[in-house]
Student: 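Please see the structure below; I have some questions.
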Amino acid sequence: MSHISPVLWQFLVKWLTNFALFPPEASKIAPQMDALYFFMVLVSLVGLTIVVLLIVGFSILYSKKRHPEAVQIEGSTLLEATWTIIPLGLFLIMFVWGALLYFRIYTPPANAMNIYVVGKQWMWKAEHPGGQHEIDSLHVPTGQPVQLTLISQDVFHSFSIPAFRVKREAIPGRYSSVWFEATTPGTYHLFCTQYCGTNHSQMIGEVVVMTPDDFRKWLQGSTSGHSLAQDGERLFASLSCNACHNPRPDARGPNLVGVYGSRLTLSTGQTVTVDDAYLRQAILNPSQNITQGYAPIMPTYQGQISEEGVFALVEYLKNLQSDYRIQQTLNTTVLPANSEGNAAGQAPAAQKAGGQGEVQQ
Amino acid sequence: MSDSTATANGVETEVHHEHPSYQRHHFETVAQQFDATNFAMWLFLLTEIMFFGGLFTAYLILRNWYYPAFVEGSHQLSIFWGTANTTVLIISSFTMAMSVWNAQMRRKGGLLLCLVLTFILGLVFLGIKGIEWHEKWVKYHVPGLHYSDQSFRNPASDPEVYAEYHDKSLAPDMASKVEQYFFLYFAMTGMHALHMVIGIAILGFMIVRAKTGAYTSGHYTFVENFGLYWHFVDIIWIFLFPLLYLISRHQ
Amino acid sequence: MNNANNSSEHEQHIVSPKIYVVILLALLALTATTVAASYVEMYVFNAVVALAIAVLKMILVVLFFMHIKYSTKLTKLTVISGVFIFLGLISMTLADYVSRAWGRW
Amino acid sequence: MSAATIVSLPDQATARIPKMNFLSKENGLLSWLLTGDHKRIATLYLISITFFFFIGGALAGLIRLELLTPQSDLMAADTYNKVFSMHGLIMVFFFLVPSVPATIGNFVIPMMVGAKDLALPKINLLSWYLYIVAGGMMLYTMATGGVDTGWTFTTPLSTHYLNTNVISAGLAVFVAGFSSIFTGLNFIVTIHKMRCPGMTWFRLPLFVWSNYAASILMVLGTPVLAITLVLIVLERAVHIGVFDPAMGGDPLLFQHLFWFYSHPAVYIMILPGMGVISEVVSTFSRKRVFGYTAVAFSSVAIAVFGFFVWAHHMFIMGISNYAALVFSLLTMLVAVPSAIKIFNWAFTLYNGSITFETPMLYAFGFMGLFTIGGMTGVFLGATGTDIHLTETYFIVAHFHFVMVGGMLMAFLSGIHFWWPKWTGRMYPEKISQLAALITFIGFNFTFFPQFILGTLGMPRRYAAYPPEFQVLNVFSSAGATILGVGYLLPILYLTWSLKYGEIAGENPWQATGLEWQTQSPPLTENFPEIPIMDHEAYDYEWLERQQRKEVASV
Ligand code: HEA
Ligand code: HEA
Ligand code: CUA
Ligand SMILES: [Cu+2]
């Protein structure tokens, strides 16, 4: 006992001095979240107090000693209506308030800076547009909305920053996103909160919030020499995407300049807005959404590009505003058409036969 | 569902002072017993609906996503065998309904005949299913075990189906989704066949008991309840047939 | 012994074989129709028609082969509630999938 | 307490346990293993679920022990994962789901509706055997290395990334599911078809209503879990399936199907407990339940709405935001009937004549703790706060408040309440009141700190955690020890009372349910002859008249 108690004592002192009921509020959304949270705590406390008061009060007033004979009562519609409508009203307020927050957290503003995050068993990899890579940490500036585009390489993970009050699942096979605007410089916890196998509890890291100046310095200090978009460009050439996607009149694929953010009409007649998720889908499962007027000849790159590679391509396509460089690569390297080492690729004959661009169900 | 006590012949069910021997001790009347077991059977069928409900949900979602793959997948199924099997099952449902009628009318011969017919039709159904499954095996269309998506990357390699539908070759990523179709095909028809097997086993048991006159002396609860089960299995097929064979034939 | 509650109700409605035969023929006819319809190119309506026919067949089987037409309210309610929850499962799940395409989520 | 209790025991000097009763009718192991008697099957269930509760509890002890320190030092992370997975699986599927329905429900529902047995005794027995088979499979799973999927079997983790016994665990739950389906089915049939003359729907005790509602959930929800597990097993076996994103399947589909069962399942877990509370609160305040119809219908409302809120477990998992809105709204709606019940029980006390025997103490515990647990459920049901709180210890605290503080309290309340009927003997009152108190205190110590932990952001299912969370975790672990004592006590004194408890007599609580109007323990056929119900439920005046008549006739 005697050797335990000093330790325990230290603990308690430390804990009591740092006692907290909620984590630091380090993002713009945090105080808003806490407002709703404390509203709910308040309602719960009031509700609980009422329930406890009723039970204790009645127990004292109508205990058998004081009140030996029970008086039978059927019920009271008025009372029952009261305690149906008041909780319902309060719950609806919570619903609306909660929904507003939810939409705010999951709707990034247009000027947000994008960081890509890959989750995999059991680490987080972040890719900044400038080409900085991080593992199990995330550096962000204050005063700047940051959007995270998340994906998982294997199972569900969940990217959680309690101090920001945001959290989003990293889903295998699909992009998800979340945004925040950090307000207070400091180092905060980063957790994987979705159970993801053995080392789930080791899939942690830190979020470092810096002033914009410090952040700029950090960016410069940890650059890898080329930006994410440049990586993407290199991939675009080496995977010979430009064999089909080029500005030539006889190109077999659509020109991808400015495709990001545009609206496409699919062969099913639907229209879609091209966003990150759509680009990823178009690269990995091209035949699922066929752009109107084109044949489904684009090969799939599933299993050939890592999620980081896809991020690079997406970032590249996002910033692709002119044909100039594609033209350049085409002129310097002569690329055989459809040469993506896809051993089990389609038979050429089948591709010819696939000249069907018709509009159909 | 109901008890399997031997039945004494000639007990007058309308007389309530004497309990017929098939009445379980905790029921007040035979009517109550019939009602209770019948209701229980219906509830059991509800659970069955939900059981298949999960599969239907999965099917609808994936079909929505991978329609072209589902089209080529369903081209691999034979409408002929599918229709034949539907017919077989509908007729077996009819003979089952007739079994109940015969039991109600206390016609032992008729009951036996109808039960045996149902039994045979059930076996025929499974036989046909077996033929279809065998064909899938031969053509490497059993997902996970014996599978190749050759026929969808290059439909011409499968001349029979190609001659009929002239399928375009699917892009490799879409072609790989046909495996999902076959996974669902086997999961759904497999679950259904499992129910058929159970049904046929019970039918066999009933035939043996019907020979002793068990169901033709007024106590036909078991036949009636089994009939409900059989018809339910029929209904499942009535939905599986269009879902798997019919609705995804056109690109 | 008090057998006060619904004692003499044992007689089940007995459906005549004639009805069974009619239903059988109807079912076979519907099967033929649905197969025939599947050969006609109707776009979305292929699925609609096939499922409508299947529902129709189901209703026939349930009402007559399974005697729901002649059974108690309770049994009818049971069937309906089963179908209701089944549709709930399918429709609310599909609602999620469908509405994912609506916005940027 | 003696001054203010309603216990009316027969004169202990002359009292006897009736010679003929369901326990003494036949002897020998076979007479138990082949029994059709709902009371014996209930007893079998009681023994088996207690066994599993203690296994689950021991695993909980291991969890708490490991979490004493921030590092994963007691066991490696993978062991810890197995421990909490087995804890969750056993507690949910082998303890809580069958707890009240299969034991207390099985025991009293036929008596409450005035029947000799459940409608389908053989199915009832089959249900117990399925439970035992499933339990055996679970123990096998545990003995051969356990499973570490968490109780939620999340795909694609469970299907492609783990090499533990997912298949046998899945099949165990599958079989347990059918056990639960058959129990529910049996209840529904019994309640519809086996009521005695005069027993109209609105004369049924509320315990019957709430079990009826829970049974609907069991019958319609569980099969979806069954098919989902089948798909998981297939997917694992053949490495292809509809949940695998790498093959073009959708892991969210799994979530939809799983929660379609598992949300209703939480109401399967709470509704029967709510029924117990209705009985207990009414009996010990000698009053008809305030607003009988409202309480009855709120159970059904919970059952019906409970089916359509499942996606609130998936708010951050990538469902469409519109769907999140709808499911959040429905979640708010389904919370209201629970609130109605709490207030109705509170007002049942009004103008009553209240005594404080153990079942009542547990019931008070239930009301307080379930209010906290339920309200924190609303925190999670609101989409915005869910983002911050989901997957943290806040959830762990939420569901332990409703499941342990709610249902387990209700279960203990019910066990004490019906113990005299079941065994013919009273449990010792003083020590059981002490146990109730210990449980309450231990419970709050264990789980309240977890709300704070969760708000601070500590994720659930963590074998190791940042050191600043340690103090609260130590509190929690300390509380769990107290709680463990609180649960061990009943086992000891209830066993003791089997032999040494006072003879209870027919109706020690002066309760009105039909089950109390027959001998304790009851006859195999429950009543000497089928009763006729000629009064409302909870009609204490009727009971008094009845007793005066008896006294007069003597
Ligand atoms: C017995 C089991 C049980 C019960 C009854 C409940 C009841 C409720 N639960 Fe809970 N829940 C679980 C067991 C249960 N839950 C489990 C096991 C999980 C975790 C699963 C996992 O991931 O492992 C979970 C998770 C869970 C989540 C998912 C969180 C997440 O994953 O992000 C949500 C979200 O909506 C939720 C909500 C609710 C709600 C709204 C209720 C409501 O029904 C509660 C209604 C009750 C009340 C509201 C209290 C009474 C109210 C009053 C007395 C009124 C107070 C006064 C005023 C308002 C004035 N629960
Ligand atoms: C009915 C349901 C039920 C019950 C009764 C309990 C009871 C308890 N649970 Fe459990 N719990 C769950 C259902 C339940 N739990 C579920 C579904 C999960 C989620 C699993 C998952 O994430 O997949 C969970 C997860 C869970 C966690 C989170 C693990 C994690 O996420 O990392 C913790 C942590 O504290 C915990 C603790 C406890 C404790 C202390 C008890 C106590 O109430 C238990 C008290 C009982 C005893 C202690 C037994 C009696 C005494 C003995 C046998 C003597 C030996 C005792 C000791 C050595 C202490 N439980
Ligand atoms: Cu990644 Cu938990
Ligand atoms: Cu829920």
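Naming convention: chains lettered A, B, ... in sequence-line order (proteins, then strands); numbering from 1 in each chain.
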Student: Is chain C contacted by the side chain of B/Leu243, its backbone, both, or neither, given a heavy-atom distance below 4.5 Å?
Tutor: side chain
Student: Of the backbone (N, CA, C, O) and the side chain (C-beta and beyond), which part of C/Val55 lies under 4.5 Å from a heavy atom of chain B, both, or neither?
Tutor: both
Student: Within the side chain of B/Arg107, is there an N or O that forms a donor-acceptor pair under 3.5 Å with the backbone of B/Thr216?
Tutor: no
Student: Could you tell me which of C/Val79, C/Leu74, C/Val83 has the largest number of non-hydrogen atom pairs under 4.5 Å with chain B?
Tutor: C/Leu74
Student: To the nearest 0.5 Å, tell me how far B/Thr118 OG1 sits from B/Ile91 CD1.
Tutor: 11.0 Å
Student: Quick check on the 6.0 Å ring-centre criterion: do B/His219 and B/Tyr215 meet it?
Tutor: no
Student: Does any backbone or side-chain atom of B/Ile79 lie under 4.5 Å from a heavy atom of chain C? Answer side chain, backbone, both or neither.
Tutor: side chain
Student: What part of C/Leu94 lies closer than 4.5 angstrom to a heavy atom of chain B: side chain, backbone, both or neither?
Tutor: side chain
Student: For chain C, which of B/Ile61, B/Leu43, B/Leu45 has the most heavy-atom pairs under 4.5 Å?
Tutor: B/Ile61
Student: Between B/His195 and B/Met191 (side chain of the first, backbone of the second, donor and acceptor by atom type, cut-off under 3.5 Å), is there such a pair?
Tutor: yes
Student: Using heavy-atom distances under 4.5 Å, tell me whether C/Phe64 contacts chain B through its side chain, its backbone, both, or neither.
Tutor: neither
Student: With a 4.5 angstrom heavy-atom cut-off, could you sort out which part of C/Ile68 is near chain B: side chain, backbone, both or neither?
Tutor: side chain
Student: Say whether, by atom type as modelled, one donor and one acceptor occur between the side chain of B/Ser92 and the main chain of B/Leu89 under 3.5 angstrom.
Tutor: yes
Student: Please flag which part of C/Thr78 lies under 4.5 Å from any non-hydrogen atom of chain B: side chain, backbone, both or neither.
Tutor: both
Student: For chain B, which candidate among C/Val35, C/Thr93, C/Val49, C/Val62 shows the most heavy-atom pairs at distances under 4.5 Å?
Tutor: C/Val35
Student: Which bit of B/Trp230 comes within less than 4.5 Å of chain C, counting heavy atoms only: side chain, backbone, both or neither?
Tutor: neither
Student: Does any N or O in the side chain of B/His231 come within less than 3.5 Å of the main-chain N or O of C/Val61, such that one atom is a donor and the other an acceptor?
Tutor: no
Student: Checking B/Tyr245 against chain C: side chain, backbone, both or neither under 4.5 Å from a heavy atom?
Tutor: neither
Student: Among C/Ser81, C/Ala54, C/Ser16, single out the residue with the greatest number of heavy-atom pairs under 4.5 Å to chain B.
Tutor: C/Ala54
Student: Starting at CD of B/Glu164, measure out to NE2 of B/His75 and round the result to the nearest 0.5 Å.
Tutor: 8.0 Å
Student: Please state whether the side chain, the backbone, both or neither of B/Thr87 comes within less than 4.5 Å of a heavy atom of chain C.
Tutor: both
Student: Counting heavy-atom pairs under 4.5 Å to chain B, which of C/Ile23, C/Thr72, C/Ile85 comes out on top?
Tutor: C/Ile85
Student: Answer yes or no: is there a donor N or O on one side and an acceptor on the other, between the side chain of B/Tyr181 and the main chain of B/Ala69, under 3.5 Å?
Tutor: no
Student: Verify, without hydrogens or angle tests, whether B/Asn64 (side chain) and B/Leu60 (backbone) share a donor-acceptor contact under 3.5 angstrom.
Tutor: no
Student: Would you say CZ of C/Phe84 has more than 12 non-hydrogen atoms from neighbouring residues, nucleotides or ligands within 6.0 angstrom?
Tutor: no
Student: Please flag which part of C/Thr34 lies under 4.5 Å from any non-hydrogen atom of chain B: side chain, backbone, both or neither.
Tutor: both
Student: Return yes if some donor-acceptor pair links the side-chain N/O of C/Asn46 with the main-chain N/O of C/Val40 below 3.5 Å, else return no.
Tutor: yes
Student: Under 4.5 Å from any heavy atom of chain C, what part of B/Phe94 do you find: side chain, backbone, both or neither?
Tutor: both
Student: Under 4.5 Å heavy-atom distance to chain C, tell me which part of B/Ile235 shows up: side chain, backbone, both or neither.
Tutor: side chain
Student: Using non-hydrogen atoms and a 4.5 Å limit, figure out which bit of B/Met96 sits close to chain C: side chain, backbone, both or neither.
Tutor: neither
Student: Under the side-chain contact (heavy atoms from CB on, under 4.5 Å) criterion, do B/Leu184 and B/Phe70 qualify, and how do the steps go?
Tutor: CA-CA 10 Å; B/Leu184 283 167; B/Phe70 274 48; 4.2 Å; yes
Student: Spell out, as yes or no, whether a donor-acceptor pair under 3.5 Å connects the side chain of B/Ser74 to the backbone of B/Ser248.
Tutor: yes
Student: Which region of C/Val48, side chain (C-beta onward) or backbone (N, CA, C, O), has a non-hydrogen atom less than 4.5 Å from a non-hydrogen atom of chain B, or is it both or neither?
Tutor: neither
Student: If I measure from the heavy atoms of chain B, does C/Tyr97 come under 4.5 Å with its side chain, its backbone, both, or neither?
Tutor: side chain
